[in-house]
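Below is one structure, written out as structure tokens; the observations come after it.
Given the structure is predicted, the values throughout are model-derived calculations rather than measurements. Quick note on labels: first sequence line is chain A, next is B, and so on, each numbered from 1.
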Amino acid sequence: MLDFLGNLERTHLCGDLRAAHAGQQVVLMGWVNRRRDHGNLIFLDLRDRSGISQIVLDKELTPDGHAKGEQVRPEYVVAAVGKVRLRSADAINPKMPTGEIEIEATQLLVLNDTRLAPFSPAEEAIQNEEVRLKYRYVDLRRAEMQRNFRLRHDITLAIRESLSRQGFLEVETPILTKSTPEGARDFLVPSRVHPGEFYALPQSPQIFKQILMISGFDRYFQIARCFRDEDLRADRQLEFTQVDLEMSFPRQEHVFAVVEDFLCAGFAAAGVTLPRPFPRITYDEAMQRFGTDKPDMRLPGLTDVRSAFTEENLAALQIDPALPIVALRIPSVGELSRKEREDNHPLFDQKKGAKFIDDFKRLAKGFPEAAAKAREMAGASDADFVVIVAGDPAHHIKASDTKFEGRLSEREINVYSAAGNFRTELAKKYAERHGAFNVTDDVVRNADPRSGKSIDGSAAFHPIWITDFPMFEYDLASGKWMPAHHPFTSPHEHDMANLVSDPASVRANCYDLAMNGLELGSGSIRIHRKDVQQQIFQSLGISDEEARQRFGFFLDALEYGTPPHGGIALGLDRIVMLLAGAPSLREVIAFPKTAKAIDLMVDAPTTVTEQQLKELHIRVALKS
RNA sequence: GGGGACGUAGCUCAGUUGGUUAGAGCGCUGCCCUGUCACGGCAGAGGUCGCGGGUUCGAGCCCCGUCGUCCCCGCCA
């Protein structure tokens, strides 16, 4: 028999009670986390979003409440009325924040019962992701998930406040809009009113925010939902949230300062101090030092070990002397057996025209000096695992040989990136041995978001700006230069003259923010002049007609007094994921989709009725 | 589109070389218990071994297919 709430009002949250509340009359409401029945004495752990308090139901004190206590089961929703009392010294539970007190109940109301869920929110996460997502409402009751979403709220709020303080205005842009030029597949929404025509969901508010600059808003931001119809990953969902911003008359410096301010504010909200300014490196430097444009700096970078080898060495080892020769080092891995090393070989990307040497014993037999010098240059101790990565003359891949003074060629980048990818994969595999990621786990675990205290995150989180990306990338398949970014990215002013003649030499005025091996965001100074925009379209092989059809409205807008402007967008979900120490975005998104793009709780997507299709002028033609 | 891992009770898992009636812990149900907090004790229920097909005297185990979840490549500036 269930009780009505009546006039009863909750006075406190379960997790807030302390010894100081002793003697106070309280009313708590929540879920039965656990029940311990000792016959004439029953303990209930009552849980709400704040935590847990112990309710004592004594048959002598409250025969009625005790009788209800016998009937309740875990996850029943109850209200407990009673007095806070200090526990006797031997009954104190030091493991609980509320362990010094308990509620001596005078009344227990059973507000609702429950079906038995397939798992208990009182426990750790179960392994079965399918069940967790189907019963997401139960999963979200778990303390860990409650913590993640409170963290997400705190971070988002701090970011909003920071941007508002810096003069940014939050403006909402349409969800039903037109295909945007972000390169991913669009989600389309059929128009009922306009047969055969479709809206697209935004991949980002890109064009709208640029137009807001033309409109004179000067500084815009939005915590914006974005949609991309691409396959999912642990760090990629179909819909995700970006901290999106744009500002007028900026130099790159200004964008960096704004981002560093709000990101530090977000980290501070999570109880972590991030030192400023963030370090910066160019794209070429990032490739040389880490073999990737999103370096994880918690591990040693790549070392140029060319000088460890003589020309004869290189010839004997069949290494291309014209390409980089680098060593990657994973600390404290210990000596690997031949089988262990061979198991690692699939982790090396064969398609980059590079080869590797991971058998130092063998190398030392043939080339003792080179082997010793290479290890020494890489700063390797005996326990460190070192791999040499170099160009393979036997597997010369198709790539551009175009080489500009002071810039990396495509081939060089390929060798670096083969080394960088191998480094990342090995680092993941041997994480337990080198322990370089533990510092991040420790900081995340010890951070106390709402305490007002902040712990030093400088060793745990490594933000880094990557600048001076190439404007174009050589596409092996088509043999053409393709845009590396969306077509509104401004080239460097002094590279502008080479746009058509030497596309490979042109650097883009864009930048990425990376942290711990994750791309957090990406932005650029935009093109604000119609003549430059036309040149870019031309060099990208986009015809006037196509440009007009896809973004004619935007080209028009550009002609009406467009200020120089630029901005950036950071993945909010990823920021929260890092600070929650979560292995997947699903842990920080309330209702995420599976790797096959299914929402298991609501069961979406589904077919729709013929009537709905008819109204939308849609006919479905499935491949048989 | 491709590669890999997993799928046995509600959950976490074990299951030997293919061999009788498929096990454990937790959870669940009932009874007992006034100081537990992962309470304890006694008793009990609970299985289409993801699904379909095949091999075999015999399949949880072998083979083929399929479905689902996860991870990765492609894709996502």
Fill in the blank from the handout: A/E124 CD to B/G27 P, in whole Å, measures 15 Å
Exercise for the section: Check whether the ring centres of A/F554 and A/F208 lie less than 6.0 Å apart, and answer yes or no. Expected result: no
Exercise for the section: Would you kindly check whether a donor in the side chain of A/R85 faces an acceptor in the base of B/G35, or vice versa, at under 3.5 angstrom? Expected result: yes
Exercise for the section: Find the distance A/L116:CG to B/A45:C1' and express it as a whole number of Å. Expected result: 13 Å
Practice task
Indicate whether the side chain of A/D16 and that of A/H21 have a donor and an acceptor atom separated by less than 3.5 Å.
Solution key: no
Practice task
For A/K59, answer base if it contacts any base atom (sugar-phosphate contacts may also be present), sugar-phosphate if it contacts only those atoms, and nothing otherwise; contact means non-hydrogen atoms under 4.0 Å.
Solution key: nothing
Problem - Main-chain N/O of A/L188 paired with A/D186 side-chain donor or acceptor, under 3.5 Å - result: no
Practice task
Look at all strands and tell whether A/A91 reaches a base, only sugar-phosphate, or nothing, counting heavy atoms closer than 4.0 Å.
Solution key: base
Practice task
May I ask you to say what A/N128 touches in the nucleic acid, namely base, sugar-phosphate or nothing, with a heavy-atom cut-off under 4.0 Å?
Solution key: sugar-phosphate
Practice task
Tell me which nucleotide among B/U69, B/C28, B/U36 gets nearest to the side chain of A/L600.
Solution key: B/U69
Practice task
Select base, sugar-phosphate, or nothing to describe what A/R87 touches, counting heavy atoms under 4.0 Å on all strands.
Solution key: base
Practice task
Check whether any side-chain N or O of A/R36 sits under 4.0 Å from OP1 or OP2 of B/C39, and answer yes or no.
Solution key: yes
Practice task
Would you jot down, in residue-number order, the residues of residues 507-517 of chain A having a non-hydrogen atom under 4.0 Å from RNA chain B?
Solution key: none
Practice task
Return the nearest nucleotide to the side chain of A/K95; candidates are B/G35, B/A38, B/U69.
Solution key: B/A38
Practice task
Sort out the partner of B/U17 for me: Watson-Crick or G-U wobble, both distances under 3.5 Å, none otherwise.
Solution key: none
Exercise for the section: Name the nucleic acid region contacted by A/Q237, choosing base, sugar-phosphate or nothing; use a 4.0 angstrom heavy-atom cut-off, strictly under. Expected result: nothing
Exercise for the section: Whole angstrom is fine here: how far is it from CG in A/L232 over to P in B/C73? Expected result: 13 Å
Problem - Considering all heavy atoms, the nearest A/W31-A/E75 contact - result: CD1-O, 3.5 Å
Problem - A/F227 ring center within less than 6.0 Å of A/F240 ring center - result: no
Handout entry: Contact under 4.0 Å: A/K428 side-chain N or O vs B/C71 OP1/OP2
Key = no
Handout entry: Base of B/G27 paired with side chain of A/R34 (donor-acceptor, under 3.5 Å)
Key = no
Exercise for the section: Indicate whether OP1 or OP2 belonging to B/C71 is found under 4.0 Å from a side-chain N or O atom of A/R586. Expected result: yes
Fill in the blank from the handout: From CG of A/D139 across to C1' of B/C11 the rounded distance in Å is 13 Å
Handout entry: Donor + acceptor pair across side chains of A/Q210, A/Q206 (<3.5 Å)
Key = yes
Practice task
With the side chain of A/E102 defined as its heavy atoms from C-beta on, choose the nearest nucleotide among B/G35, B/C33, B/C76.
Solution key: B/G35
Exercise for the section: Please answer whether the main-chain N or O of A/P295 pairs with a side-chain N or O of A/T292 as donor and acceptor at a distance below 3.5 Å. Expected result: no
Exercise for the section: Give a yes/no verdict on base stacking between B/U36 and A/H38: centres under 5.5 Å, planes within less than 30° of parallel. Expected result: no
Exercise for the section: Quick one: look up who B/G40 pairs with, Watson-Crick or G-U, both distances under 3.5 Å, and put none if it's unpaired. Expected result: B/C32
Practice task
Spell out yes or no: do the side chain of A/R236 and the base of B/C76 have one donor N/O and one acceptor N/O closer than 3.5 Å?
Solution key: yes
Practice task
Check whether any side-chain N or O of A/R35 sits under 4.0 Å from OP1 or OP2 of B/C39, and answer yes or no.
Solution key: no
Handout entry: RNA chain B: 5'-proximal contact among A/E130 and A/Q54 (nearest heavy atom)
Key = A/Q54
Practice task
Report the base-pairing partner of B/C62 (Watson-Crick or G-U wobble, both distances below 3.5 angstrom), or none.
Solution key: B/G54
Handout entry: Distance, rounded to the nearest Å, where A/E75 contributes CD and B/G27 contributes P
Key = 14 Å
Practice task
Mind checking A/P346 for me? I need base, sugar-phosphate or nothing, with any heavy atom below 4.0 Å counting as a touch.
Solution key: nothing
Handout entry: Proximity of A/F422 and A/F356 rings by center, below 6.0 Å
Key = yes
Handout entry: Whether A/F119 stacks on the six-membered ring of B/C11 base, 5.5 Å and 30° limits
Key = no
Exercise for the section: May I ask you to say what A/Q127 touches in the nucleic acid, namely base, sugar-phosphate or nothing, with a heavy-atom cut-off under 4.0 Å? Expected result: sugar-phosphate
Exercise for the section: Report the base-pairing partner of B/A22 (Watson-Crick or G-U wobble, both distances below 3.5 angstrom), or none. Expected result: none
Handout entry: Nucleotide opposite B/G7 in a Watson-Crick or G-U pair, distances under 3.5 Å
Key = B/C67
Handout entry: N/O (side chain, A/S120) to phosphate O (OP1/OP2, B/G27) under 4.0 Å
Key = no
Handout entry: Presence of A/R233 side-chain N/O under 4.0 Å of B/C70 phosphate oxygens OP1/OP2
Key = no
Problem - Integer-rounded Å distance: B/G2 P and A/Q350 CD - result: 22 Å
Completion exercise
The side-chain hydrogen bond (donor to acceptor under 3.5 Å, both in side chains) partner of A/D468 among A/R280, A/Q252, A/H492 is A/H492
Exercise for the section: Tell whether A/N40 reaches the base of B/C33 with its side chain through a donor-acceptor pair below 3.5 angstrom. Expected result: no
Practice task
Would you please test A/F187 and A/R228 for side-chain contact (heavy atoms from CB on, under 4.5 Å) and show each step?
Solution key: CA-CA 7 Å; A/F187 279 102; A/R228 294 180 189 178; 5.8 Å; no
Practice task
Hey, which sits more toward the 5' end of RNA chain B by its nearest nucleotide, A/V131 or A/E123?
Solution key: A/V131
